[in-house]
Every structure is written in C-alpha cells, then in structure tokens.
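One structure is given here, and the rest of the page talks about it.
As the structure lists them, so they are numbered: ligands from 1, and atoms in each ligand from 1. Keep in mind that what you see is a predicted model, and the values were worked out from it rather than measured. Only heavy atoms go into these numbers, but all of them, side chains included; no hydrogens, no water, no symmetry mates.
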Amino acid sequence: MEIILVGRSNVGKSSVIRQLTGKKIPIGRRPGVTRRIARYRAGKMEIVDMPGFGFMSGVSSAVQEKIKTEIVRYLEQNRSRIMLAMEVVDARSFSEIVERWQRRGQIPIDVELFSFLQELELNPILVVNKIDLIRRVERDAVLDDICEKLELPSPWRQWIDIVVPISAKTGEGVPNLKKLIKHKIHELGKGHLLGWLK
Ligand code: GDP
C-alpha cells in the first residue's frame with residue numbers, strides 16, 4: 001500500500017517525507033534534473049515521491065508534459081495500491097505561478113493534477129508548505145487564495161480535512177498533517193498499517 005506525493009520541484013516534498021518518516025532523505029537537490037519516482041519504506045507501507053514538475057532551468061515544456069504524463073499514468077496504473085495522495089504546494093509562490101499560467105490561457109499542472117487526484121477519488125490532502133515564510137497576519141488571506149485557485153471556495157478553514165498549512169522546516173503544522181493522514185487511513189480501515197507514523 002502506498003502514500004503518494006506530487007508537487008512542483010523545490011516545494012519541499014523531500015522535507016515533508018523526512019518529517020513524516022524521520023528518514024534522512026536528501027533535501028535541496030538541484031531542481032532542473034529530471035527525477036525518477038522515488039520510494040521510501042514506511043513500515044508495511046511505501047511513500048512514493050513523484051518526479052517534480054514546473055519551469056526549471058534547462059527543462060523544456062515538452063519534458064514537463066512528459067513528467068505530467070508519467071505521473072498520470074502511474075496514478076491510473078497503480079490506483080488500487082494507493083491509499084492516500086498528497087499534493088504539496090509552496091505557500092509563497094503558488095498563487096503567482098497559477099496566475100502566470102492563467103494569463104497565458106493555460107491550466108497549471110498543479111491545478112490539473114489536484115482535480116485529477118479528486119477524480120480518482122483519492123481524497124487528496126493539499127499540503128501548503130513553507131508557511132513559515134508568510135507573515136501570520138497574511139496567512140488566512142494567502143490560504144483562501146490558494147484554495148480558490150483549486151476550486152475550493154474560501155474561507156479555507158472549512159477545508160481543514162483537505163488543506164493543511166505546514167512548515168517542513170520548522171515543524172509547525174506537522175502534527176496536524178500526521179493527524180489528518182491517520183484519520184484518512186483509519187477511515188479506509190487500514191489503521192493497522194500506520195505503526196510507523198509517530
Ligand atoms: P523537493 O524538491 O520538493 O523535494 O524539495 P526539498 O524538500 O528538497 O526542499 C527544497 C528547498 O526548500 C530546500 O532548500 C529546503 O530546505 C526548503 N524547504 C523545504 N520545506 C521548507 C519550509 O517549510 N520552509 C522553508 N522556509 N523552506 C523549506
């Protein structure tokens with residue numbers, strides 16, 4: 001059984017996995033290098049890190065498309081093994097990136113993938129990472145805006161069973177994320193697989 005993570009490169013997926021598993025997995029690899037699907041063992045489960053996408057130096061949009069196709073194919077082919085999906089976004093840059101794509105009349109990969117995860121009935125968790133970089137007084141507005149862009153009407157607080165602001169750097173919000181993962185996996189009747197999630 002698997003938990004999968006998707007997200008733009010550099011949003012902090014590796015840092016999130018480190019927070020969840022306590023494993024010292026490499027952080028801050030240079031973006032721009034096409035990465036393979038990475039698997040990390042977590043008790044009887046696996047955490048599967050999809051290749052990061054996004055506009056990275058030296059990576060053409062054709063390569064971006066290829067990464068997206070690879071992710072979609074993986075999700076479709078392995079649906080029965082996937083218990084839970086998480087999409088990680090960067091609290092500071094998400095809205096700006098989405099607006100840039102929308103001005104070009106395109107649907108951002110992040111938005112497309114989030115609705116795809118919903119279509120597959122994976123009940124995705126939206127992990128809004130790097131919240132430490134947003135001033136406290138601005139956080140609600142930033143989170144409302146991110147939710148709106150993913151077609152979750154504001155206020156964001158009505159979506160606390162989907163949206164979790166965290167800092168994988170300081171650890172803020174990580175207990176909430178763990179609680180939500182546990183809740184969702186218990187709901188699937190698979191709580192016995194969670195021994196690794198402290
Ligand atoms: P990945 O490419 O998505 O796997 O991202 P990484 O986990 O390698 O992190 C990319 C960069 O963002 C690294 O320099 C991390 O130290 C930094 N980073 C990750 N999470 C956070 C966070 O919550 N806050 C801040 N300020 N930086 C973070």
In terms of heavy-atom contacts, does [atom1] of [X] have more than 12 from other residues, nucleotides or ligands at under 6.0 Å?
X: K179; atom1: NZ; answer: no
X: E138; atom1: CD; answer: yes
X: K182; atom1: NZ; answer: yes

Near [X], which atoms of ligand 1 are under 4.0 Å from a heavy atom of that residue?
X: V11; answer: 3 (O)
X: K13; answer: 1 (P), 3 (O), 4 (O), 5 (O), 7 (O)
X: S167; answer: 22 (C), 23 (O), 24 (N)
X: S15; answer: 6 (P), 7 (O), 9 (O), 19 (C), 20 (N)
X: L133; answer: 26 (N)

Backbone or side-chain N or O of [X] under 3.5 Å from ligand 1 N or O:
X: G12; answer: yes
X: D132; answer: yes
X: A168; answer: yes

Have a look at E172, R8, K169 and point out the one with the heavy atom closest to atom 25 (C) of ligand 1.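 Among E172, R8, K169, the closest heavy atom to atom 25 (C) of ligand 1 comes from K169.
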Considering L5, D90, N129, I166, which one's heavy-atom position lies nearest to atom 20 (N) of ligand 1?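 Looking at heavy atoms only, the winner is N129.
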Answer side chain, backbone, both or neither: which part of T170 comes under 4.0 Å from ligand 1, heavy atoms only.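 Neither; no heavy atom under 4.0 Å.
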Charged N to carboxylate O under 4.0 angstrom, K68 versus E65?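 Yes, charged N to carboxylate O under 4.0 Å.
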Can a salt bridge be assigned to the pair K13 and D49 using a cut-off of 4.0 Å between side-chain N and carboxylate O?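 Looking at K13 and D49, the cut-off is met.
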Just checking, is any N or O donor in the side chain of D145 or S95 under 3.5 Å from an acceptor N or O on the other one?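 Distance-only check passes for D145 and S95.
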Who else is in the cluster with F114 when I, L, V, M, F, W and Y are joined by side-chain contacts under 4.5 Å?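 F114 shares its hydrophobic cluster with V89, F94, V98, I107, V111, L126, V128, I131, I134, V142, L143, I146, L150, L152, W156, W159, I160, I162, V163.
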Nearest atoms (heavy-atom pairs only) where R39 meets E2: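 Closest approach of R39 to E2, heavy atoms only: NH1-OE2, 3.1 Å.
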